[in-house]
Amino acid sequence: MTTQNHSDMLLGLDPVEADRPIVSAPVVDETMLATFYTTHVDKLFRFLAGKAGRDDGGEILGQVVEEFFAWWPEHPEHPKPVATLYRIARCRLNDYLRRHGRGETLEAQDLAEAAANGSHHDDLADVVRRVDLAAALQDLTERERQALGLRYVADLPVKDCAEVMEVGIDNMKKILKTALSKLRRSPRMESYQIVSTAKEAHR
């Protein structure tokens, strides 16, 4: 007769289960937090400062980082921490804008700076060249402007944009494609075309 380990019986473990190695849950430690901060802080600050100014943007950044760093160690298995970071940032930025009687609306200058400084110069070059881009953006819904802001100004991958806006990836691609198509077809920009918009929206 085989004697079963009494500790296994007390824990209610099946003998087979008791022999399986215990897999520890992931842990977000100080090194991970520091690396994450270094990787994302500059881009996040530009995103916030572009709407709130450098001083207020820096203050909002501090609030966002503090809130995120309290959240992440409690949810170490979350698959998309970057998207959560920007979701928190949007909430804090919206709070700030509401207090100042403003809304989170994409502006022509936002796209112009994204084209000049970001990784989407070729995709936006034909658009930002036009001085009437601000008027063309008025043809978009607020949701479409938010999508363009996350994709091009915040420079987030499509999958993270989808997570921030709480939509599926396919829906996110559709929103981006529709927004870019509206700009391309705008009568105020009829002599210009956005290069490779469909391809970029599906990256």
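Side chains are part of it too, since the values below use all heavy atoms of this structure and drop only hydrogens, waters and symmetry mates.
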Can you list the steps and then say if Lys182 with Thr141 is a side chain to side chain contact (heavy atoms under 4.5 Å, CB included)? CA-CA 10 Å; Lys182 283 184 179 180; Thr141 66; 4.1 Å; yes
Could you walk me through whether Gln146 and Glu142 pass side chain to side chain contact (heavy atoms under 4.5 Å, CB included), step by step? CA-CA 6 Å; Gln146 289 176 2; Glu142 181 60 25; 3.6 Å; yes
Determine, step by step, whether Tyr86 and Asp160 satisfy the side chain to side chain contact (heavy atoms under 4.5 Å, CB included) criterion, reporting the C-alpha distance in whole Å, the side-chain angles of both residues, the deciding distance to 0.1 Å, and the verdict. CA-CA 9 Å; Tyr86 276 86; Asp160 287 339; over 6 Å; no
Kindly determine whether Arg90 and Leu150 satisfy side chain to side chain contact (heavy atoms under 4.5 Å, CB included), including the steps that lead there. CA-CA 10 Å; Arg90 282 187 65 202; Leu150 290 171; 4.0 Å; yes
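In this structure, CZ on Arg151 lies 9.5 Å from CG on Leu180, to the nearest 0.5 angstrom.
No donor-acceptor pair under 3.5 Å is formed between the side chain of Arg102 and the backbone N or O of Ala52. In this structure, Arg145 contributes its side chain and Leu140 its backbone to a donor-acceptor pair below 3.5 Å. The backbone N or O of Ala154 lies less than 3.5 Å from no partner atom in the side chain of Arg46, so there is not a single donor-acceptor pair.
Residue pairs meeting the salt bridge (Lys or Arg N to Asp or Glu O under 4.0 Å) criterion with at least one member in residues 62-72, sequence neighbours excluded, are Glu67-Arg92. The salt bridge (Lys or Arg N to Asp or Glu O under 4.0 Å) pairs that include a residue from residues 52-65 number zero, where partners must be two or more places apart or lie in different chains.
Cluster annotation: Ile175 is not connected to Val158 through the hydrophobic network of ILVMFWY side chains, with a link wherever side-chain heavy atoms come within less than 4.5 Å. In the hydrophobic cluster analysis, where Ile, Leu, Val, Met, Phe, Trp and Tyr join through side-chain heavy atoms closer than 4.5 angstrom, Val164 is grouped together with Leu48. Note on Trp72: it clusters hydrophobically with Val65, by side-chain heavy-atom contacts below 4.5 Å among ILVMFWY residues.
Take Lys174 and apply the salt bridge (charged side-chain N to carboxylate O under 4.0 Å, His left out) test, not counting sequence neighbours, and it matches no residue.
The aromatic rings of Phe36 and Phe68 lie parallel to each other, their planes meeting at an angle below 30°, with 60° marking the opposite boundary.
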